[in-house]
Amino acid sequence: MSPFFHIIKYKLYSNIKTTLDPRFSSVLRNLVSLLVYIGFAYGAYRFAYVVTFFMMQKTFASLYLFHIFVSMILFVFFIAVNLGNIIVSYSTLYRSQEVEFLLCKPVDFKYIFLIKFFDNFFYSSTILLLGALMVLLGYGRYFYYPWYYFVLILIFVLIPFMFLSACLAVLILMAIMKLASRIGFRKVLAGIFVLYGAITYIFFSYTGPLTVVEKLHHYYPNIDKYLVQATPTFLKYLPNQWVSMILYYVDIGKINLALPYLFILLLITTALFLITILIADKFYYRSWLISLHIKSTGLEPYNVKKVHFIDFRLRSILPPQTEVIIKKEVFTFFREASQWIHLLIMVMLTGIFSISISHLNLRFRLHDLQLITYLIIFSFGGFMVSALALRFVFPMIGLEGKAFWALKSSPVKERKILWIKFLMGFLPILIMAEYIGVSSNIPFVKSTAMQPLLLWLGIISAFCISLVTVSLNLGLGGYFANYLERNPIRAASSQGATITFLLSILYLFILTVIFISPVSVYFEKFYTAGHFNVKIIIFPITLIILVSFILFIVGIRIGFKSISKDF
Amino acid sequence: MIEIQNVTKKFGNFTAVDNLSLKVPQGEFFGFLGPNGAGKTTTIKMIVGLFSPTRGDIFINGYSIVKEPLKAKETIGYVPDVPFLYEKLTGREFLFFIGGLFKIPKDVSKNRIEELIDIFEIGSWIDKRTEDYSQGMRQRITIAATLLHNPSNIVIDEPMIGLDPRSAKVVKDVLLEKARQGVTVFMSTHSLNVAEELCDRIGIINNGKLVFCNTRSQLQEEVARYDGKFESMFLEVTRS
């Protein structure tokens, strides 16, 4: 048997044993995970169906226009898979102990690369694939797809589309390593950052959803004719456009027209995969050595005389235990490249989202449309806050790692450790949440020109969402803590993290449902020039505060129990 | 002073430590021996508060580690079996971090750290991140961190692992000096020679039970009943 299949066999064996662990706690955990996954899958399915139904039935969108939006969503999806794979594959390909172990054995570098590549692809893309499949089910149901369409589209379209993105990600990563050895890691990262920003900017400036909608008004009812002519040529070379076109032609029953796009997708994916293997065969081991070199550049001792403003040697007004724990948290966070780079990306995305929203004119004549827009933007803001909490708060306890003995065996109250961690996660996330909350409500306040009630709703809900998501992520992060996992990205994409994220989404859903009635009345009164009685909002606000407070306490209690466990 | 009173620790159905009672008076150098999986590390983790006993209690200078953990922990310096450190901190930062946890004033910490750098010959490594340290350097930093707050009880699990002969000698000398100054040293080790050389009293644990506990002189008498080798006696008393 080839070493590749031999290693894969034992990896599968180990995974199956872990998954089918017969212990009660493990079975219970797996069952809860399964329930949460089912809930998530059903939610994604319903959402996709409702959105497709709404776009096709309630708006004036034609099928072709709808697929332009599908193409845009697929572009974002492609970039998300690509970035996710770049970040995670750096850990799996260059920082994994398993690689070090295998490199000492008589195994071809190519096989080690392939094993870790598939490891990385399945690890970082499984949830995205599940989500994509459920969206396909919801979408396909609207167009009355027979069952085998789903299977065929999954195998021959969705998986190759994601696989293409993953291959590209690994090629980019190897190029980063090569360039980093010449011009330095930081410069390359900055370059990649600018490159991705530019690609996204160029894509949306040519396909800009707002421009498309504005033009549609002009050309209505000859929308499709305009759209076919106006589609930028470069889109034809993008995989998201191929997938969108495949779906479009399948929907209108012209399978023969979908085949060329399918052929291109499969051909390019196969070719890129072969190129990736070829390059990895020549360069993977060398790039691994480069990663060692990059790491060793940190071997130079620090300038002892240079005192940073949060240096441990400086006195502080804080109590000593609080001071050193905070400093330790700050240093360990900002000295881990994957932490601050991710933070930078997420702050940038939040900024783009908030600035874009605050400049939109969201005054619609239809009260229902106004309400739906408000709820979508509200949910999306909440989603961003949940994503921030998941990425940065969930791993907080687990990342203590095996060095946690130093804190646990010292005379510090475990409550104090937990509260410091909570505040260190809560304060920055609250600031970002309030920024999102205020900026996403500005267009509605401007458009309705009534008392700034929505602004207050935004401020209060941002506070509640921050409180709950941070406490849930901290608590469940402690409950699911894997002290052996040193990679924050892997910790934030583990099974426990997924469950926590889905619970946060459930909380956001509850919040949105509570909001529907008062916000609906608010917009209705505005359009009918009626008087809005502020008392209508009191009960929902009280309910939101109450639910949030209960969940906050639950999160903190789980966190405290987790941190007090045997270590 | 460390007093273990009828302590049992269970993990599910498995009993790691079974009704263990032991008293280590102030200033005694106690060696805790046993084969792999005998319950040494579990006992030590209960002494320092990392594990909670299923039954029984442990008193450190009269404070219960279960009921008054903070007061008990203030008097302990603990060296774990594997010296995991916060990898993104430098050795100096780690020592200041520990100093803060034990509420040592900054200037006192600063002076103590300089002394410990000299004692353990840490040199310029002190200002490099601990992720770049060798096993021995990590061990030196961990032991230095333990001594920073001048604890009256030192609990040390396998202190010689990863140390070169020179560093091992330094550690042995420091621990002996501490015991002479009245500090209680509770040391777990696999090295029979080290135990024989350093300890005032030796306890041997097997399958969670204390199967031997005597002073060094009584140990010599016991050893004489075998072939004069501590190793033979150890193998005999730990035979399952």
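Sequence lines set the chain letters: A, B, ... in the order given, protein chains first and strands last, and positions in each chain run from 1.
For the set G99(B), S109(B), A145(B), G100(B), the entry with the most heavy-atom pairs within less than 4.5 Å of chain A is G100(B). In terms of heavy-atom pairs under 4.5 angstrom with chain B, the leader among V324(A), D566(A), V412(A) is D566(A). Among K328(A), R315(A), K408(A), the residue with the largest count of heavy-atom pairs under 4.5 Å with chain B is K328(A).
Both the backbone and the side chain of L50(B) come within contact range of chain A, with heavy atoms under 4.5 Å apart. K413(A) touches chain B through backbone and side chain together, each having a heavy atom under 4.5 Å away. Looking at I325(A), both its backbone and its side chain come within 4.5 Å of chain B, counting heavy atoms on both sides.
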E93(B)/R335(A) under salt bridge (Lys or Arg N to Asp or Glu O under 4.0 Å): CA gap, chis, key distance, verdict: CA-CA 13 Å; E93(B) 286 166 349; R335(A) 285 177 183 171; 2.7 Å; yes
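Of the candidates P320(A), S410(A), P319(A), P411(A), K103(B) forms a side-chain contact (heavy atoms from CB on, under 4.5 Å) with just one, namely P320(A).
Residues that satisfy the side chain to side chain donor-acceptor pair (under 3.5 Å) test with D157(B), not counting sequence neighbours, are T41(B), S188(B).
Among pairs with a residue in residues 87-106 of chain B, those fulfilling ring pair (Phe, Tyr, Trp, His ring centres under 6.0 Å) read Y86(B)-F97(B), F102(B)-H149(B), at least two apart in sequence or across chains.
Heavy-atom neighbours of K67(B) NZ from other residues, nucleotides or ligands within 6.0 Å: at or below the threshold of 12. For CZ of F11(B), the number of neighbouring non-hydrogen atoms (other residues, nucleotides, ligands) closer than 6.0 Å is greater than 12. Atom CD of Q97(A) has 12 or fewer neighbouring heavy atoms from other residues, nucleotides or ligands inside a 6.0 Å radius. Within 6.0 Å of the CZ atom in F333(A), the count of heavy atoms belonging to other residues, nucleotides or ligands exceeds 12. For F560(A), the CZ atom is densely surrounded, since the number of other residues' heavy atoms within 6.0 Å is greater than 12. By the neighbour-count criterion of 12 heavy atoms within 6.0 Å, atom NZ of K565(A) is densely surrounded, having more than that number from other residues, nucleotides or ligands.
Within residues 68-83 of chain B, the residues that have a heavy atom under 4.5 Å from a heavy atom of chain A are L70(B), K73(B), E74(B), Y78(B), P80(B), listed by number. Residues of residues 110-117 of chain B having a heavy atom under 4.5 Å from any heavy atom of chain A: none.
The two residues K106(B) and L314(A) have their closest heavy-atom pair at CE-O, 3.1 Å.
For the atom pair CD (E87(B)) and CG (L399(A)), the distance works out to 11.0 Å, reported to the nearest 0.5 Å. Separation of atoms CG (D107(B)) and CZ (R313(A)) is listed at 14.5 Å; rounding is to 0.5 Å. Distance CD1/I98(B) to CG/L407(A): 7.5 Å, rounded to 0.5 Å. One distance of note links NZ of K88(B) with CZ of F334(A); it measures 14.0 Å at 0.5 Å rounding.
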